[in-house]
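Before any comments, here is the structure.
So that the names make sense, note that chain A is the first sequence line, chain B the second, and so on, each numbered from 1. All heavy atoms count here, side chains included; hydrogens, waters and symmetry mates do not.
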There are 2 protein chains.
Amino acid sequence: MKETRYKKLQKILKEQIQQGKFNIGEYLPSENELCSSHKITRTTARKALDELMKEGFIVRQQGKGSMVRERRESLGLLNVKGFSEAVGHDVKTIFLQKPAIRTWNLDLTYRPTSEEIETNCIHFERLRCVNNVPITLENNWLSAKYIPDFVGQDFIDGSFFKTLSQRYLIEITGSEQELRALPADEYISNLLQIKAGFPLLQITIKFMTSNPSLNIYSQLYCNTTKYPIGNSYFLK
Amino acid sequence: MKETRYKKLQKILKEQIQQGKFNIGEYLPSENELCSSHKITRTTARKALDELMKEGFIVRQQGKGSMVRERRESLGLLNVKGFSEAVGHDVKTIFLQKPAIRTWNLDLTYRPTSEEIETNCIHFERLRCVNNVPITLENNWLSAKYIPDFVGQDFIDGSFFKTLSQRYLIEITGSEQELRALPADEYISNLLQIKAGFPLLQITIKFMTSNPSLNIYSQLYCNTTKYPIGNSYFLK
DNA sequence: TAGTGGTCTAGACCACGGT
DNA sequence: CCGTGGTCTAGACCACTAG
């Protein structure tokens, strides 16, 4: 992905927020200050701030400035972020099935395109644990066509999305989700160490990527008792 | 709310999409065409298209154009849209408790600010039905301070958000949500005509508005068996 | 009144898609 | 090759906030 100027600034500011150089409630430098310190125009600086606002890092107010927001300590923005971005918890991942070529044997709301279904399918299954308690069961399917040599290799930093980005230059560009509350079946209740029939949040996701022919299909089952799924949304 | 140029264009295009002047899969006029036909610059035209993309109406692709997207026929984008925007269903709303001044007696994740808690609280409870089947129980709390004469009046077109917008010029600017799967308790299971213990999707929402001192606190219990909650998200 | 973010103009160059 | 959207510049005026 092209490293544009606004993305560079966005990344710098995000890291500074994450590293605590700007604490919650504090204000980022003003747009004009960012312009002169980074030798860019306001349009570019605003674009970076717009993106940070979309991601929920800041709120902006006319006449005041760009204030760092409290990002709720749920399991983070599940939308397009990876699980590993969840903060403040000891998060562990266990592969129940490592990535391998399998059939498009999925029972999902979002069906693969006919183009995809003619290709090989990569599938993997992971169990996500928080503080050593299994919280989420995750299944993923995607076409093998555009990601050669994907199976057998480890993920970069354990992150699927980072691997796609750094190794294949594929970025997530959007998602569609459907949410259901369902009783746990036998298989899942064993894995999540709960009683069968216990209510779980099922999240069915289709991730779109920068490659229009490549989508990622995921299905999650979440035990939301201790860690509800968080989500934030800002219009302007 | 100020009617800026990009908002005018955004509104025009959105209505044209909703009215079917541009069908799914078709392309909107190019940015340059919109510029000349509306006598604006590309910056302004792009801002309108950016907003439409954020709302999920279009996808844009370099070299091709802005294509009208299929908006899933679940129960719509529950994020910031009202329930009444759900399409393709016979939706009915029953007030269990009409808007009235009550106490801030809520058991929510998102707590009112200390500023809000010193004001009077308006509360109302609604049951939303699809095809005459009760699907969602909804509770809402908000400060009475900035919306004089709210109680006792009917909603415009039955829409709470439309009433806020048209009668008080208050717009929704963002939201935070938390999602949980929970077993139905006695009260809710009666209302939704399901067995006690049946899994429900609980959505706890804090809506932020254009008035920084006014937030809306909502809690929903959804029977997702027939109508899952939909949600889409696009980055650029 | 000074400084902030919100909107807007009139250009420019680039990367991508299809011809 | 041309038209598309993506990025960027260098300005301008406005509305809002706070001292």
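- Nearest nucleotide to the A/Thr41 side chain, out of D/dG5, D/dC8, C/dC8: D/dC8.
- When distances are taken from the side chain of A/Arg60 to each of D/dG6, C/dT7, C/dG5, the shortest belongs to C/dG5.
- Residue B/Leu9 contributes atom CG, which lies 14 Å from atom P of C/dT7 at whole-angstrom precision.
- One can place CD of A/Glu51 at 12 Å from C1' of D/dT7, the figure rounded to the nearest angstrom.
- Rounded to the nearest 0.5 Å, atoms CG (A/Leu142) and CD1 (A/Ile147) are 4.0 Å apart.
- Counting only distance, with no hydrogens or angles, the side chain of A/Glu115 and the backbone of A/Ser213 share no donor-acceptor pair below 3.5 Å.
- B/Thr43 meets the side-chain contact (heavy atoms from CB on, under 4.5 Å) test with B/Thr41; sequence neighbours excluded.
- Nearest nucleotide to the side chain of A/Lys7, out of D/dT7, C/dT7, D/dG5: D/dT7.
- Using bins of under 30°, 30° to 60° and over 60° for the plane-to-plane angle, the ring pair A/Phe155/A/Phe124 lands in the perpendicular bin.
- Distance, B/Asn32 CG to C/dC14 C1': 14 Å, rounded to whole Å.
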At under 4.0 Å between heavy atoms, which parts of nucleotides 11-19 of chain D does protein reach? Answer with one letter per nucleotide, 5' to 3': B base, S sugar-phosphate only, - none. -B--BBBS-
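- The aromatic rings of A/Trp141 and A/His123 sit tilted relative to each other, their planes meeting at an angle between 30° and 60°.
- Within the model, atoms CG of A/Leu179 and OG1 of B/Thr224 stand 8.5 Å from one another, a figure rounded to the nearest 0.5 Å.
- Residue-level contact check: B/Leu49 touches neither bases nor backbone, having no heavy atom under 4.0 Å from any strand.
- The shortest distance between the side-chain N/O atoms of B/Arg46 and the OP1/OP2 oxygens of C/dC8 is not below 4.0 Å.
- By the 4.5 Å heavy-atom criterion applied to side chains, A/Thr136 and A/Ile203 are not counted as neighbours.
- Atom CD1 in B/Ile40 sits about 14 Å away from atom P in C/dT7, given to the nearest Å.
- Side chains of B/Thr44 and B/Leu9 form no contact here, defined as non-hydrogen atoms less than 4.5 Å apart.
- Distance CG (B/Asp50) to C1' (D/dT7): 12 Å, rounded to an integer number of Å.
- Residue B/Tyr6 places at least one side-chain N or O under 4.0 Å from the OP1 or OP2 atom of C/dT7.
- For the helix from C/dT1-D/dA18 to C/dG18-D/dC1, the axis fitted to the five pairs at one end and the axis fitted to the five pairs at the other end meet at an angle of 10° (nearest 10 degrees).
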